[in-house]
Amino acid sequence: KLYGYKTEFSQVILNIINNAIDILKEREVKEKKITIRMDKNSIEIEDNGGGVDEAIMEKIFEPYFTTKFQSLGTGIGLYMSKIIITKHFNSELEVYNSKSGAVFKIALF
């Protein structure tokens with residue numbers, strides 16, 4: 001069981017999926033794919049958009065950090081997602097690259 005506000009949790013999931021959609025469009029991936037894997041301890045959302053540049057990997061959860069044009073992004077989405085998961089659900093949100101793209105993992109405790 002997971003305790004917290006389901007609307008907050010769904011906002012986190014939606015934010016990660018929307019970011020994946022944005023990168024797939026931006027990078028003009030022909031066969032766009034977003035995979036969601038779940039088990040009792042984690043949720044992973046993976047895209048095939050080529051992954052997160054290692055140079056910015058440590059910064060993507062910082063407030064106001066964005067790779068989007070200023071009119072398209074505020075840099076608050078992933079920051080707030082991390083805050084919600086860590087503070088409101090006592091869990092962890094992390095990112096790593098797979099062979100095909102970025103994987104956002106919510107480790108549930």
Heavy atoms from other residues, nucleotides or ligands near CE of Met57 exceed 12 (cutoff 6.0 Å): yes

Side chain to side chain, Leu108 and Phe89, heavy atoms closer than 4.5 Å: no

Residues which pass side-chain contact (heavy atoms from CB on, under 4.5 Å) with Ile83, listed by chain and number, not counting sequence neighbours: Tyr79, Lys87

Val12 vs Ile85 side-chain heavy atoms within contact, under 4.5 Å: yes

Contacts of Ile60 that satisfy side-chain contact (heavy atoms from CB on, under 4.5 Å) - sequence neighbours left out: Val52, Ile56, Phe65, Leu78, Val95, Phe104

Spacing of Asp47 atom CG and Arg27 atom CZ [to the nearest 0.5 Å]: 8.0 Å

Side-chain heavy-atom pair Glu92, Phe109 within 4.5 angstrom cut-off: yes

Test side-chain hydrogen bond (donor to acceptor under 3.5 Å, both in side chains) applied to Ser98 - qualifying residues, sequence neighbours left out: Glu46

Contact check, side chains of Glu44 and Tyr96, non-hydrogen atoms, under 4.5 Å: yes

More than 12 heavy atoms from other groups under 6.0 Å of CD on Glu58: no

Heavy-atom side-chain proximity of Ile36 to Ile17 below 4.5 angstrom: yes

Whether over 12 other heavy atoms sit under 6.0 Å from Asn90 CG: no

